[in-house]
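Everything on this sheet refers to the single structure shown next.
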Amino acid sequence: MKKAELIVIPAPGIGHLVSTLEFAKRLIDRDDRLFITILSMKFDFSLYPFSDAYTKSLTATQPRIQLIHLPQVNPPPSELLKSRLNYISVYIENNIPNVKDTVTNIVSSNSNSDSSRVVVGLILDFVCTSMIDVGRELNLPSYLFFTSNAGFLAFMLYLPIRHNQIGNEFSESDPELLIPGILNPLPTGVLPAAVLDKDGGYTAYMKFAQRFRDTKGIIVNTLKELEQYAIDSLSDGQTPPVYTVGPVLGLKGPPNPALDEAERDNIMKWLDDQPPLSVVFLCFGSMGRFGGTQVKEMALGLERSGRRFLWCLRSPTSDDVLPEGFLDQIKGKGMICSGWAPQVEILAHKAIGGFVSHCGWNSILESLWYGVPIVTWPIYAEQQLNAFRMVKEMGLAVELRLDYKSGGDLVMADEIERAVRRVMDDSEVRKKVKEMGEIARKALMDGGSSFNSIGQLLEDMIGST
Ligand SMILES: O=c1ccn([C@@H]2O[C@H](COP(=O)(O)OP(=O)(O)O[C@H]3O[C@H](CO)[C@@H](O)[C@H](O)[C@H]3O)[C@@H](O)[C@H]2O)c(=O)[nH]1
C-alpha cells in the first residue's frame with residue numbers, strides 16, 4: 001500500500017488552529033495510508049499566547065500526526081504593527097527559508113528510507129500562500145485550507161480582479177458592491193476593515209489572495225447546503241477545485257490551555273440549574289474586547305431584557321465599569337465569566353437559547369451545530385461580512401449590528417435589550433437554525449456532501465490505489 005504524507009502549515013491564533021488541526025485529524029481517520037506532519041511557526045507570544053500549547057496538546061495523542069516546531073525567526077520591525085495583518089504576513093514570509101529546509105529534509109529522508117512514504121503535497125492556511133513557492137521549488141502541489149466561509153473566499157478571489165481594474169484599496173465612499181458569489185450588494189460598512197486600510201492591511205489581503213488560484217485545490221470549512229450560491233460561483237473555470245469539508249469543529253479536543261477548570265465547573269453547574277432555552281450567552285471570540293462605556297451599555301441592556309445571561313466579559317476592569325449594584329441585582333439570573341469560556345460546551349447545553357456573537361466563522365458553525373440562534377455583533381476581521389450574509393442572505397441570525405466598528409461605535413442598551421428579547425422569542429429563526437444544524441450533521445455522515453468532498457480530495461491528493 002502506498003503511504004502518503006501531507007505537510008500542513010497552520011496559521012497561529014485559535015480561530016485558525018482549531019479547524020486546521022481538526023481537519024488534519026479528520027483526514028487521518030478517513031485514510032489509513034495517510035501521515036501528516038504539522039509545521040508549527042513560532043510567533044510572538046503576546047499576539048498568540050496559547051497557540052503553541054494548543055497545537056501540542058491537540059496533536060499529542062495522534063500517532064500518525066507528527067509535530068515539528070520551526071526555529072524562531074526575527075520578528076518584523078514593530079512599525080509594521082500599524083496593521084496586525086501585514087505584520088503577520090511578513091512574519092510568515094520570514095519563516096519561508098526554515099519551511100523550505102524542513103520540507104526538503106522530510107522529502108529526502110523519505111526517499112532514503114524504506115518507508116515507501118511519499119510527500120503528496122502541502123496544505124497551507126490562507127494567510128500562508130507565500131509558501132506556495134516552496135512547494136513549487138520542490139515539485140509539490142499546494143492546497144489552501146480556508147478557515148472561513150465560501151462567501152468570504154469569493155470576496156478574496158474578487159480582490160485581485162478588482163485590483164487589476166482599480167489598483168488601490170477600497171474607500172468608505174464607494175457605492176455598494178456587486179461581487180460574484182455574494183447574493184446581495186455589499187455596503188462598504190460590512191467589508192473587512194483591512195481592505196480599507198492604507199497602512200498595510202489591504203496589501204496583506206492582496207498578497208494572500210493573489211496566490212489563491214496558484215493552488216491545486218481550495219479546501220473550505222463550510223458545507224454546500226449552507227452556501228450553495230457562493231460555492232456555485234466558484235465553478236468559473238479559473239478557480240481550482242473547491243472542496244467543501246465542513247463543518248470542521250473542535251467538539252472533543254483537549255481543553256484550551258487558557259481555560260480555568262474551576263471557572264468551567266462553576267459555569268456548567270450554574271447552567272445545569274437554569275431552565276431549558278432560558279439563557280443568552282455572550283462571547284466575542286479569541287480577541288473581542290470592549291471599552292468601559294460599551295460594557296456599561298451591555299450590562300444595562302442585559303438587565304432590562306429580563307433574560308438570564310452568561311456573559312464572557314474579558315476585561316480586567318469589568319468590576320469598575322459595571323453599573324453600581326449590577327452584580328447584586330443579577331444574582332441568580334446572570335453570570336459573568338472573566339476568562340476563556342468553554343464555548344463549545346456552553347453552546348451544547350440545553351439551557352442556552354441564544355448567542356450574542358462577534359460572528360467569527362467557528363462560532364457561527366458551532367452555534368448552527370447546536371441549533372442556537374445568533375445575534376450579530378461583528379468586531380474585526382471578516383466578521384461584518386459574515387454577519388451581513390447570515391442575516392440578509394441566509395436568514396439564520398438576528399440583526400443587532402452588521403457594520404459595528406470598535407473604537408468609534410457605541411451600541412446602546414435599548415438596542416441590546418431588543419435584540420436579546422428577539423433572539424430568545426423568535427421561533428422562526430430558531431427553527432431555521434435547528435434545521436441547518438441537522439443538515440450539517442448529515443453533510444458529515446457517510447454519503448453526505450462534505451463526506452463525499454473529503455473522499456474526492458483524498459482521491460485527488462493520493463489517488464485511489
Ligand atoms: O472564550 C472563548 C472564546 C473563543 N472560544 C473558541 O475559540 C474559537 C474562536 O473562533 P472564531 O469564532 O472563528 O473567532 P476568532 O478567534 O475571532 O477567529 C478568527 O478566525 C476565524 C476563522 O478564519 C474568522 O472567521 C474570525 O473572523 C477570525 O477573527 C471558537 O472555536 C470558540 O469556540 C472559546 O472556546 N472560548
Side-chain angles (χ1 to χ4, degrees), residues 10-23 47-51 54 58 84-85 88 124-128 144-153 155-156 190-194 201 205 208 219-222 227 246-261 263-264 267-268 281-289 310-315 336-349 352 355-370 372 374 376-390 397 404 406:
I14 296 300
H16 286 237
L17 280 175
V18 176
S19 57
T20 313
L21 299 181
E22 288 294 334
F23 182 62
L47 288 179
Y48 298 113
F50 302 108
S51 290
Y54 183 75
L58 216 82
R84 187 183 168 109
L85 203 61
I88 290 166
L124 306 173
D125 186 282
F126 74 88
V127 301
C128 299
L144 199 70
F145 186 72
F146 202 72
T147 53
S148 188
N149 52 73
F152 180 45
L153 171 62
F155 174 78
M156 291 296 276
V190 305
L191 296 178
Y205 261 33
F208 304 146
I219 305 159
V220 193
N221 187 11
T222 192
E227 292 195 274
V248 183
L249 305 169
L251 301 181
K252 292 193 201 107
N256 187 293
L259 182 67
D260 174 337
E261 286 289 342
E263 173 138 283
R264 175 211 163 266
I267 292 171
M268 299 319 288
F281 172 48
L282 296 91
C283 189
F284 301 89
S286 50
M287 293 187 288
R289 276 176 181 70
L310 170 59
W311 182 8
C312 176
L313 173 56
R314 231 172 288 126
S315 157
I336 293 182
C337 67
S338 53
W340 188 259
Q343 178 168 305
V344 166
E345 264 185 283
I346 291 170
L347 289 171
H349 199 285
I352 298 296
F355 179 23
V356 182
S357 167
H358 74 316
C359 300
W361 189 238
N362 298 292
S363 293
I364 289 178
L365 291 177
E366 288 160 8
S367 72
L368 290 175
W369 185 260
Y370 289 114
V372 179
I374 274 186
T376 59
W377 191 330
I379 307 177
Y380 52 94
E382 89 298 13
Q383 293 148 18
Q384 286 79 4
L385 179 59
N386 297 346
F388 178 80
R389 293 182 59 241
M390 282 287 284
Y404 174 82
S406 55

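Along the sequence shown, residues carry numbers from 1. Whatever order the structure lists them in is the order used to number ligands and atoms, beginning at 1.
Side-chain N or O atoms of Tyr370 include none that pairs as donor or acceptor with a backbone N or O of Ile352 at under 3.5 Å. At least one donor-acceptor pair closer than 3.5 Å links the side chain of Glu227 to the backbone N or O of Ala150.
Of all atoms in ligand 1, numbered sequentially from 1 with element shown, those under 4.0 Å from a heavy atom of Gly285 are 3 (C), 4 (C). Distances below 4.0 Å separate heavy atoms of His16 from the following atoms of ligand 1: 20 (O), 23 (O). The ligand atoms of ligand 1 that sit less than 4.0 angstrom from a heavy atom of Ala381 are 27 (O), 29 (O).
In terms of protein heavy-atom proximity, atom 10 (O) of ligand 1 is nearest to Asn362 ND2, 3.3 Å. Protein heavy atom at the shortest distance from atom 35 (O) of ligand 1 is Ala341 O, 3.2 Å. Looking at atom 8 (C) of ligand 1, its nearest protein heavy atom turns out to be Ile14 CG2, 4.0 Å. In terms of protein heavy atoms, atom 14 (O) of ligand 1 is closest to His358 NE2, 3.0 Å. If you check which protein heavy atom lies closest to atom 12 (O) of ligand 1, you get Ser363 OG, 2.5 Å. Looking only at heavy atoms of the protein, atom 16 (O) of ligand 1 is closest to Ser286 OG, 2.5 Å. Of the protein's heavy atoms, Glu382 OE2, 3.3 Å lies nearest to atom 24 (C) of ligand 1. Remark: minimum distance from atom 23 (O) of ligand 1 to any protein heavy atom is reached at Thr147 OG1, 2.8 Å.
For Glu345, the side-chain contact (heavy atoms from CB on, under 4.5 Å) criterion is met by Arg264, Met268, Pro342, not counting sequence neighbours. In terms of the side-chain contact (heavy atoms from CB on, under 4.5 Å) criterion, residue partners of Asn362 (sequence neighbours excluded) are, by chain and number, Ser19, Asn221, Glu366.
In this comparison of Trp340, Phe146, Phe126, Tyr380, the heavy atom closest to atom 4 (C) of ligand 1 sits on Trp340. Summarising the contacts of atom 9 (C) of ligand 1 with Gly339, Ala258, Gly15, the nearest heavy atom is found in Gly15. Checking Glu366, Met287, Gln343, Gln383 against atom 28 (C) of ligand 1, the nearest heavy atom belongs to Gln383.
Contacts between Cys283 and ligand 1, counted as non-hydrogen atom pairs separated by less than 4.0 Å, involve the side chain only.
Between Phe152 and Phe155, the ring-plane angle classifies as parallel under the 30° and 60° cut-offs.
Aromatic ring centroids of Phe126 and His16 lie under 6.0 Å apart.
Checked by distance only, ligand 1 and Val18 stay at 3.5 Å or farther apart across all their nitrogen or oxygen atoms.
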